[in-house]
S.K.: 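Okay, here's the structure, questions in a sec.
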Amino acid sequence: MKVHASTVNRTDTATLRAHPFFARAMTGLIRPKMSILGMDFSGEIDLLGDDVSAFDVGDRVFGISPDTFGAHAEYLCIPAGGAIAHIPGSLPYHEAVVGEGAWYANGTTQFLSKGKRCLIYGASGAIGTAAVQLAKARGAQVVAVVGTRHIDLPVALGADRVVNYETEDFRALGEKFDLVFDAVGKTSFFECRHLLAENGIFSATDLGPGWSNIFLGMFYGAMGSRRVRIPFPENAPGFILQLADLMSKGKFQGVFDRRYPLDKTADAFRYVEKGQKTGIVVLDVC
Ligand SMILES: NC(=O)c1ccc[n+]([C@@H]2O[C@H](COP(=O)([O-])OP(=O)(O)OC[C@H]3O[C@@H](n4cnc5c(N)ncnc54)[C@H](OP(=O)(O)O)[C@@H]3O)[C@@H](O)[C@H]2O)c1
């Protein structure tokens, strides 16, 4: 496919820097094995392999390339059975690069159903903004925690209530949740466990203080419990089809920060590494 847009996201920056460090075993011991990063893509089918019937040349598609990346380049080869779907309606290419954060968010929000209560801490990043929308699409009640500059964003995405972490202590809410999701790796299980309902789950995008989320996840897992989880995402092809469906029904949309041209990719990485972006940073490839 001819790539029109991609993103620079926290998966790209973590792969470039090998963060956490043991990721080096997979991403390259001395330097990154992959010379072209880029997990999100949107673009146009340029050439088809033999026996591909689900797509035609010229089709507008989007998706993610979670194993081999490669979307920070003008052309990308994707398996027809991979994480790829048609772009719903006439959505522009730069608004269709929404897969990375949503895929991680789905690793956690998949445990929600109608009437469940969840608290999303850090609902302004790529994962947090996606988590609010996916939780609402599953019929859950959502309390979102963000800073002052993002105070209006969660409600626009469907959240039922917003807590400003700069002026209010979410830990003192006095409510119980079926899911507490730390979507920016800034809190911990021990700070949040009193907010969990019976059988409630604490999930986090990051390892936690002293890698505690890994150890707690293993500890509770050994006891047959899912109390602490790191949301390892699964089934990327199935998820991208589900996401396309939600987008076509108006139940999911990307939240976008800056756009960079391809020749400013390094600047985009520097910006994303600050951990301050709002939603998604787009790379205009062509
Ligand atoms: N290792 C990996 O492969 C990998 C891959 C993807 C994601 N992740 C992890 O997933 C997390 C989320 O990624 P993302 O792309 O969604 O994040 P992001 O877009 O970088 O999110 C940053 C957002 O978090 C907010 N924030 C910063 N400090 C905060 C705090 N103390 N409390 C609440 N909000 C805060 C920022 O706004 P304000 O500062 O204005 O509040 C900003 O909007 C990251 O921590 C990243 O490490 C890891």
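One-based numbering, in listed order, for ligands and for the atoms of each. If you read the sequence from its start, that first residue is 1, and numbering goes on from there.
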S.K.: Please round to the nearest 0.5 Å and tell me the distance separating atom OH of Tyr104 and atom OG1 of Thr205.
M.R.: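 That separation rounds to 10.0 Å.
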
S.K.: Would you please test Asp284 and His94 for side chain to side chain donor-acceptor pair (under 3.5 Å) and show each step?
M.R.: CA-CA 7 Å; Asp284 287 311; His94 64 271; 5.1 Å; no

S.K.: Please check whether Ala126 reaches ligand 1 - meaning an N/O of the residue sits under 3.5 Å from an N/O of the ligand, judged on distance alone.
M.R.: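 Yes, there is a polar N/O contact under 3.5 Å.
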
S.K.: So, using salt bridge (charged side-chain N to carboxylate O under 4.0 Å, His left out) as the criterion, who are the partners of Arg171 when residues are at least two apart?
M.R.: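 Only Asp169, Glu191 meet the salt bridge (charged side-chain N to carboxylate O under 4.0 Å, His left out) criterion with Arg171.
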
S.K.: Going by distance only, is there an N or O of Gln276 that falls short of 3.5 Å from an N or O of ligand 1?
M.R.: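 Gln276 vs ligand 1: N/O contact under 3.5 Å present.
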
S.K.: Any heavy atom of Glu166 sitting closer than 4.0 Å to ligand 1?
M.R.: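 The answer is no, since Glu166 has no heavy atom less than 4.0 Å from ligand 1.
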
S.K.: Indicate, as side chain, backbone, both or neither, the part of Ser124 found under 4.0 angstrom from ligand 1 when only non-hydrogen atoms are considered.
M.R.: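 Looking at Ser124 and ligand 1, atoms from backbone and side chain both fall under 4.0 Å.
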
S.K.: Is a side-chain donor or acceptor of Trp103 paired with a backbone partner of Val98 at a separation under 3.5 angstrom?
M.R.: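 Answer holds: no.
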
S.K.: Which residues pass the side chain to side chain contact (heavy atoms under 4.5 Å, CB included) test with Ala105, not counting sequence neighbours?
M.R.: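 Side chain to side chain contact (heavy atoms under 4.5 Å, CB included) list for Ala105, sorted by chain: Ile127, Ala130, Ala131, Leu134.
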
S.K.: Between ligand 1 and Thr11, can you find any atom pair, the residue atom being a heavy atom, that is separated by under 4.0 Å?
M.R.: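 For ligand 1, residue contact (heavy atoms, under 4.0 Å) with Thr11 is present.
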
S.K.: Any nitrogen or oxygen of Lys277, side chain or backbone, less than 3.5 Å from one on ligand 1?
M.R.: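 Min N/O separation from ligand 1 is below 3.5 Å for Lys277.
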
S.K.: If you measure from each heavy atom of Val184 to ligand 1, is any distance below 4.0 Å?
M.R.: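 Yes; Val184 lies near enough to ligand 1 that a heavy-atom distance drops under 4.0 Å.
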
S.K.: If hydrogens are left out, which of Tyr165, Tyr121, Trp103, Tyr271 has an atom nearest to atom 38 (P) of ligand 1, that is, the closest non-hydrogen atom?
M.R.: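 Comparing heavy atoms across Tyr165, Tyr121, Trp103, Tyr271, the nearest one to atom 38 (P) of ligand 1 lies in Tyr165.
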
S.K.: Heavy-atom distances under 4.0 Å are what count here, so tell me which part of Arg10 touches ligand 1: side chain, backbone, both or neither.
M.R.: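 The answer is both, backbone and side chain.
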
S.K.: Quick one: pull up CE in Met34 and CE in Met26 and give me the separation to the nearest 0.5 Å.
M.R.: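 If I round to the nearest 0.5 Å, the distance is 10.0 Å.
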
S.K.: Pick whichever of Thr205, Val281, Ile127 has a heavy atom sitting closest to atom 16 (O) of ligand 1.
M.R.: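 Result: the heavy atom closest to atom 16 (O) of ligand 1 is in Ile127.
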
S.K.: What part of His19, side chain from CB on, backbone N/CA/C/O, both or neither, has a heavy atom under 4.0 Å from ligand 1?
M.R.: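 Just the backbone.
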
S.K.: Please report whether the ring centroid of Phe189 lies less than 6.0 Å from that of Tyr220.
M.R.: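 Yes - the distance between ring centres of Tyr220 and Phe189 falls below the 6.0 Å cut-off.
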
